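Order of appearance sets the numbers: ligands from 1, and atoms from 1 within every ligand. In what follows, residues are counted from 1 in the order of the sequence shown. These figures come from a predicted structure and were not determined experimentally.
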Amino acid sequence: MIRENIEIVEKNIEEACKRAGRDRSEVTLIAVSKTKPVSDIRQAMECGMRVFGENKVQEIREKTEEIKEDVSFHMIGHLQANKVKYLPGKVVMIHSVDNVKLAQEIEKQFAKNNMTIDVLIEVNMAGEDSKFGLSPSDAPAFVKEISALPHLNIRGLMTIAPYTEDPESNRIYFRGLKKLLEDINAMGIDGVHMDTLSMGMTGDYEVAIEEGATFVRVGTGIFGERNYVI
Ligand SMILES: *Cc1c(COP(=O)(O)O)cnc(C)c1O
């Protein structure tokens with residue numbers, strides 16, 4: 001099932017790229033493996049998947065203990081500052097930076113390990129109470145504030161759009177995130193040249209690609225329904 005699912009998602013990504021006049025190589029598919037066993041990750045690896053998304057630090061620790069192959073993990077979920085110390089060497093990107101205390105702790109822990117880490121700023125485009133992330137209006141000042149932290153490489157923005165049956169209704173949020181990235185880049189903040197937009201999940205990744213996503217995060221569409229909601 002995982003193989004067939006990946007083939008379908010791949011085909012959809014290719015077609016969305018074509019519609020948008022984009023090259024397939026501009027979009028990286030992140031296979032969101034949260035709650036799924038290592039055996040599922042291995043099946044996806046056999047189908048060529050190399051980038052996996054997880055949202056729990058403990059799960060990242062366990063899975064990276066077992067999987068020593070050349071694949072990478074991204075932390076895509078809400079992150080508490082007291083767990084950051086477990087992440088150096090385990091993940092190549094953190095998608096969910098949304099407060100100064102967290103950014104400072106990431107700085108401290110990665111500096112301690114002589115590592116830099118790619119980060120994305122999470123933005124709550126639709127202003128949903130249930131979601132983490134900065135409001136779009138707060139994002140520019142936030143980027144400026146954390147831009148001086150030397151072990152964080154601010155690569156771009158991430159958003160989780162509202163859950164919907166109609167992906168078209170999320171187009172404005174994806175378009176807005178891209179515009180926000182361009183606006184922040186235009187501020188000319190020292191050392192900030194963002195090139196990454198993490199947006200689009202199983203229900204709406206094709207629309208996100210049409211609007212400029214460079215990472216899409218697909219869980220259910222690859223691994224099937226999760227047994228419990230996270
Ligand atoms: C779970 C999750 C996804 C994947 O969701 P699906 O709808 O299963 O594709 C993407 N991004 C984040 C941040 C998630 O937590």
Trainee: Checking the N or O distance criterion of under 3.5 Å, is ligand 1 in contact with Asn55?
Mentor: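 In this structure, Asn55 places no N or O atom under 3.5 Å from an N or O of ligand 1.
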
Trainee: List for me each residue that meets side chain to side chain donor-acceptor pair (under 3.5 Å) alongside Glu211, sequence neighbours excluded, and say none if there are none.
Mentor: Arg171, Arg175

Trainee: Show me which atoms of ligand 1 lie under 4.0 Å from any heavy atom of Gly219.
Mentor: 4 (C), 6 (P), 8 (O), 9 (O)

Trainee: Under a 4.0 Å threshold between the charged nitrogen and the carboxylate oxygen, would Glu10 count as salt-bridged to Arg24?
Mentor: yes

Trainee: Does any N or O of ligand 1 fall below 3.5 Å from an N or O anywhere on Gly77, backbone included?
Mentor: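 By distance alone, the answer is no.
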
Trainee: Taking 4.0 angstrom as the limit and counting only heavy atoms of Val218, give me the atoms of ligand 1 inside it, by number and element.
Mentor: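 Those atoms are 9 (O).
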
Trainee: Output yes when Arg50 and Asp70 qualify as a salt bridge under the 4.0 Å nitrogen-oxygen rule, no when they do not.
Mentor: no

Trainee: With a 4.0 Å cut-off on heavy atoms, does His95 reach ligand 1?
Mentor: no

Trainee: Which ligand 1 atoms are under 4.0 Å away from a heavy-atom of Lys34?
Mentor: 1 (C), 2 (C), 3 (C), 14 (C), 15 (O)

Trainee: Mind listing the side-chain donor-acceptor pairs of residues 143-153 below 3.5 Å, one per line with the distance, residues two or more places apart or on another chain?
Mentor:
| unit_1 | atom_1 | unit_2 | atom_2 | d |
| --- | --- | --- | --- | --- |
| Ser147 | OG | Lys144 | O | 2.7 |
| His151 | ND1 | Glu107 | OE2 | 2.7 |
| Asn153 | ND2 | Asp118 | OD1 | 2.9 |

Trainee: Determine the interplanar angle of the His74 and Phe215 rings, folded into 0 to 90°, and report it as parallel if under 30°, tilted if 30 to 60°, perpendicular if over 60°.
Mentor: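 The rings of His74 and Phe215 stand perpendicular, inter-plane angle above 60°.
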
Trainee: What are the atoms of ligand 1, with element, lying closer than 4.0 Å to any heavy atom of Thr220?
Mentor: 6 (P), 7 (O), 8 (O), 9 (O)

Trainee: Quick check on contacts: which atoms of ligand 1 are under 4.0 angstrom from a heavy atom of Arg217?
Mentor: 4 (C), 9 (O), 10 (C), 11 (N), 12 (C), 13 (C)

Trainee: Check Lys63 with Glu59, please: is the shortest side-chain N to carboxylate O separation under 4.0 Å?
Mentor: yes

